[in-house]
Amino acid sequence: MNKKEEFKNRVNFSYYEENLTQKEISSLLNISRQRVNAILNANSDHKLRKARRVGKKAINRKVQFHKSTTPTVAIPKDMFERIGINEENRDAEIKIDGQSIVIKRKNK
């Protein structure tokens with residue numbers, strides 16, 4: 001195995017197995033985050049492996065507030081699909097439970 005392949009394997013292992021972010025990997029390996037992204041996207045099974053990775057850990061999103069905009073939180077579409085919320089069925093219940101916000105599909 002040449003050094004280029006070893007490097008790609010290190011990026012993939014760090015991302016998929018160690019659950020490091022692209023930013024953390026770029027700092028660790030002293031390369032740009034865009035380069036890390038390009039290496040990960042070169043994998044034919046990247047989307048499938050990324051979905052499994054996301055399923056393993058909780059999503060941690062920051063809400064940004066700006067003077068002239070409404071605050072929003074982006075949640076990946078596949079997370080909604082897992083609980084049965086999609087284009088046809090958008091009815092959901094949102095409940096604040098302590099420090100968490102619970103989103104669940106409404107049963108009709």
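Everything numeric in this text was worked out from a predicted model, so none of it was measured.
- Of the residues Val11, Val36, Asn37, the one that meets the side chain to side chain contact (heavy atoms under 4.5 Å, CB included) test with Ser26 is Val36.
- Put simply, CG on Asn89 and CZ on Phe80 are 12.0 Å apart, with the number rounded to the nearest 0.5 Å.
- Atom CD of Glu24 sits about 11.0 Å away from atom OH of Tyr15, to the nearest 0.5 Å.
- Here the OG-NZ distance, from Ser32 to Lys23, works out to 13.5 Å after rounding to the nearest 0.5 Å.
- In the hydrophobic clustering of this structure, Ile94 does not group with Val102; members are Ile, Leu, Val, Met, Phe, Trp, Tyr whose side-chain heavy atoms approach within less than 4.5 Å, directly or through other members.
- Separation of atoms CZ (Arg33) and OG1 (Thr21) is listed at 9.5 Å; rounding is to 0.5 Å.
- A distance-only check finds a donor-acceptor pair linking the side chain of Asn12 to the backbone of Lys8 [under 3.5 Å].
- Formation of a donor-acceptor pair under 3.5 Å by the Asn2 side chain with backbone atoms of Lys4 is found in this model.
- Phe7 and Ile25 end up in the same hydrophobic cluster when Ile, Leu, Val, Met, Phe, Trp and Tyr side chains are linked at under 4.5 Å.
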Exercise. Between Ile101 and Lys95, does a side chain to side chain contact (heavy atoms under 4.5 Å, CB included) hold up when you go through it step by step?
Worked result: CA-CA 6 Å; Ile101 296 175; Lys95 182 172 95 174; over 6 Å; no

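- The two residues Leu28 and Ser14 come nearest to each other via the heavy atoms CD2-OG, 4.5 Å.
- Smallest separation of non-hydrogen atoms from Ile85 and Arg90: CG2-CA, 4.2 Å.
- Separating the CD atom in Glu93 from the CZ atom in Arg105 is a distance of 12.0 Å, to the nearest 0.5 Å.
- Atom CZ in Arg10 sits 6.5 Å away from atom CG in Leu29 (nearest 0.5 Å).
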